[in-house]
Amino acid sequence: MSEQTIERQQRSQALIDAAKHFKEACEIFQREADRLHEEQESIDAMSKKLDQVHFKSTVKLNVGGQHFTTSVHTLTKDPNSMLAAMFSGRFDMKPSEDGSFFIDRDGTHFRFILNFLRTGKLTLPEGATCTKELEEEAEFYQIQGLLDALRSAKLTVKVCPPDEPFRESTILTNVEYRKILKGWLPEVLVGEWRLLFRASRDGFAASAFHSKCDNKGPTITVVKSGANIFGGFTEKSWANYGGCKFLLQLIIIYTYTRMSLLTLSMLYLSFKPPFHAILERPQSLMLQKICRQSFRYITFGDEQTVHLTLSRELMTIYLLNSYANCCQAFLFSLVNPSALGAIKLSLITGKEGHGIYSNSNCGPVFGSGCDLYISSNANTISCTSRLGTTYHYPPRKQSSFLTGDHDFFVTDYEVFALKQ
């Protein structure tokens, strides 16, 4: 039998094997799709049950376009107030399509209303005073305790100067901290820093962060954990690489089922459009090159070596789509357990390629070693800070410098971007 005949038979057998593996892979995808469909039906059924509940313990409010999240307990603290009447259950109130209850009032001072109901105290940022507008809001909501506090103090509202940085922040209440933070920023970034996102207002889920903050250019993240205040700056945009989950699933299938390289190529070609939407161009071209070479590997390559090499290369593609190269990024601490005062924590030389990490499953992440990792639902799911991998920590201090512990929960966090 000639060599050409043998070679044709081998190629024919390879195609038969590839078709078999491709069918098996398709069956795996179909089973997974069926499972996800069943889960979605269960979620939909649960949602219908929840819709029958008159009020949840957590309530979302839309006050003149500004969103707040609070509890029924807080809203009904003053039994004689309009808010208590609204959420007492005596009235048939329906939320908007987004699940929030709309109140047609200016929301500028509503946070002071909520804070008063929560604590029973009139608390304002340092140096600030209450305006006539705040008194009018207290009268509208019929909160007598707040009216008494305003009138006894005889305060007038201070209008913030237009150039005051981060004036929308409820975390940076100390004006000096705002000035220090602005002084650390690159001089080329001139303009008004506007609030994009506040977890206590918009939700602590990672999806809420990405929906408000992705592709907004340079941003500043300010985090409050207990009494500690810290955060980070990046000149690069945050992004949502959740679509890369499909690529990661392909890697897992390839690694554990040891499908043939030809089958991997066929799978790539079958799902080519979504891949191109998911991957940045350099990594997409890299994957195409790997898949094209797989035809040659089948005949001439050592399958064991090629399998491990390709797995590593695919994982590299996945990771390259998550990190952003930053030259001006930094972390900072304004209030810390060491009482060290305000301090800027710069990038470690040579670590610029891991300045920030974007992923749909988590909030903002700085550094490759979780120098600062904000989880999804960071108020109930533990976050992490281990300085020293990508960002410096102060001399004679430890990697847990920001909070005094590597693991912590977030009280609230905000993200600011330059007004466009």
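For Arg118, the salt bridge (charged side-chain N to carboxylate O under 4.0 Å, His left out) test picks out no residue, with sequence neighbours left out. Residues passing the side chain to side chain contact (heavy atoms under 4.5 Å, CB included) test with Asp106, sequence neighbours excluded: Thr108. Glu139 is linked by a salt bridge (charged side-chain N to carboxylate O under 4.0 Å, His left out) to Arg151, counting only residues two or more places apart in sequence or in another chain. For Lys94, the salt bridge (charged side-chain N to carboxylate O under 4.0 Å, His left out) test picks out Asp92, with sequence neighbours left out.
Taking 4.5 Å as the limit, some side-chain heavy atom of Leu114 sits within range of a side-chain heavy atom of Leu75. Contact of the Ser368 side chain with the Lys351 side chain is not registered, since no non-hydrogen atoms from C-beta on lie closer than 4.5 Å. In this structure, Leu345 and Leu387 have side chains that are in contact, with non-hydrogen atoms separated by less than 4.5 Å. No side-chain heavy atom of Val365 sits less than 4.5 Å from a side-chain heavy atom of Ile374. Side-chain contact between Pro165 and Leu181 is absent, with no heavy atoms from C-beta onward closer than 4.5 Å. Contact check for Asn228 versus Leu334: no side-chain heavy atoms found under the 4.5 Å cut-off. With a 4.5 Å cut-off on side-chain heavy atoms, Phe68 and Lys60 do not count as touching. Residues Gln144 and Asn80 have side chains not in contact (no heavy-atom distance under 4.5 Å, counting atoms from C-beta outward).
Put simply, the side chain of Ser376 gets close to the backbone of Ala206: a donor and an acceptor are under 3.5 Å apart. Using a distance-only test at 3.5 Å, with no hydrogens or angles considered, no donor-acceptor pair links the side chain of Ser400 to the main chain of His406. Listed for the Ser338 side chain is no donor-acceptor partner under 3.5 Å among the backbone atoms of Leu340. With hydrogens and angles ignored, the 3.5 Å screen pairs no side-chain donor or acceptor of His210 with any backbone N or O of Ser358. A donor-acceptor contact shorter than 3.5 Å is absent between the side chain of Thr390 and the backbone of Gly367. Judged purely by atom type and a 3.5 angstrom limit, Gln328 has no side-chain atom pairing as donor or acceptor with the backbone of Thr234. Side-chain atoms of Thr74 do not come within 3.5 Å of backbone N or O of Thr70 as any donor-acceptor pair. Between the Ser169 side chain and the Phe166 main chain, no donor and acceptor come within less than 3.5 Å of each other. Listed for the Asp78 side chain is no donor-acceptor partner under 3.5 Å among the backbone atoms of Ile143. Between the side chain of Asn62 and the backbone N or O of Gly65, at least one donor-acceptor pair lies under 3.5 Å.
Interatomic distance, NZ of Lys212 versus CG of Leu196, reported as 9.0 Å (0.5 Å rounding). Between the CG atom in Asp412 and the CD atom in Glu414 there is a gap of 6.0 Å [rounded to 0.5 Å]. One finds the OG1 atom of Thr76 at 12.5 Å from the CE atom of Met86 (value rounded to the nearest 0.5 Å). Here CD1 of Ile229 is found 12.5 Å from CG of Leu402. Values are rounded to the nearest 0.5 Å. The CD atom of Glu352 lies 9.5 Å from the SG atom of Cys326; values are rounded to the nearest 0.5 Å. To the nearest 0.5 Å, the span separating CG on Leu189 from CD on Glu235 amounts to 9.0 Å.
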Item to check | Residues Phe116, Tyr141; criterion ring pair (Phe, Tyr, Trp, His ring centres under 6.0 Å); working and verdict | outcome: CA-CA 12 Å; Phe116 180 82; Tyr141 292 111; over 10 Å; no
Checklist entry - Between Gln142 and Ser81, does a side-chain hydrogen bond (donor to acceptor under 3.5 Å, both in side chains) hold up when you go through it step by step? => result CA-CA 5 Å; Gln142 301 175 29; Ser81 71; over 6 Å; no
Next on the checklist: For a ring pair (Phe, Tyr, Trp, His ring centres under 6.0 Å) check, start with the C-alpha distance between Phe197 and Phe416, then their side-chain angles and the critical distance, and finish with the verdict.
Outcome noted: CA-CA 7 Å; Phe197 168 83; Phe416 294 84; over 10 Å; no
Item to check | Chi angles and distances behind the salt bridge (Lys or Arg N to Asp or Glu O under 4.0 Å) call for Glu192, Arg167 | outcome: CA-CA 10 Å; Glu192 179 185 353; Arg167 65 178 183 271; 2.9 Å; yes
Item to check | Phe112 vs Leu146, side chain to side chain contact (heavy atoms under 4.5 Å, CB included): CA-CA, chis, key distance, verdict | outcome: CA-CA 10 Å; Phe112 298 118; Leu146 180 55; 6.0 Å; no
Next on the checklist: The test is side chain to side chain contact (heavy atoms under 4.5 Å, CB included); show your working for Tyr373 and Cys362 and say whether it passes.
Outcome noted: CA-CA 8 Å; Tyr373 172 90; Cys362 53; 3.6 Å; yes
Item to check | Step-by-step side chain to side chain contact (heavy atoms under 4.5 Å, CB included) determination, Ile348 to Thr389 | outcome: CA-CA 8 Å; Ile348 297 173; Thr389 303; over 6 Å; no
Item to check | side chain to side chain contact (heavy atoms under 4.5 Å, CB included) between Phe140 and Met82, intermediate numbers included | outcome: CA-CA 8 Å; Phe140 174 79; Met82 189 189 78; 3.4 Å; yes
Checklist entry - Does the ring pair (Phe, Tyr, Trp, His ring centres under 6.0 Å) test come out yes or no for Tyr391 and Phe330, once each step is laid out? => result CA-CA 7 Å; Tyr391 293 85; Phe330 62 84; 8.7 Å; no
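A salt bridge does not link Arg105 with Glu136: none of the charged nitrogens is closer than 4.0 Å to a carboxylate oxygen. The residues Arg194 and Glu168 are annotated as not salt-bridged, no charged nitrogen and carboxylate oxygen being separated by less than 4.0 angstrom.
Sorted by first and then second residue, the ring pair (Phe, Tyr, Trp, His ring centres under 6.0 Å) pairs with a member in residues 337-356 read Tyr323-His354; sequence neighbours excluded.
Crowding of Asp104 atom CG: a count of heavy atoms from other residues, nucleotides or ligands under 6.0 Å not exceeding 12.
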Donor-acceptor list for residues 219-226 side chains, cut-off 3.5 Å, not counting sequence neighbours:
unit_1: Thr219; atom_1: OG1; unit_2: Trp238; atom_2: NE1; d: 3.0
unit_1: Lys224; atom_1: NZ; unit_2: Gly226; atom_2: O; d: 3.3
unit_1: Ser225; atom_1: OG; unit_2: Phe409; atom_2: O; d: 2.6

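For the pairing with Leu331, the side-chain contact (heavy atoms from CB on, under 4.5 Å) check across Leu347, Leu372, Ile343 returns one residue only, Leu372.
Taking the six-membered ring where the residue is Trp, Phe233 and Trp193 present perpendicular rings, their angle passing 60° and hence far from 30°. Aromatic ring pairs are classed by plane angle as parallel below 30°, tilted from 30° to 60° and perpendicular above 60°; the pair Phe209 and Tyr413 is tilted.
A ring-centre distance under 6.0 Å is found for Phe408 and Phe230.
Summarising the geometry of Ser375 relative to Ser382, their closest heavy-atom pair is OG-O, 3.5 Å, with the distance given to 0.1 Å. The two atoms that bring Gly203 and Ala208 nearest to each other are O-CB, 3.7 Å, heavy atoms only.
Using modelled atom types and a 3.5 Å distance limit, the side chains of Asp405 and Thr403 yield no donor-acceptor pair.
At least one test fails for Lys344 against the ring of Phe332: distance under 6.0 Å to the centre or angle within 45° of the axis.
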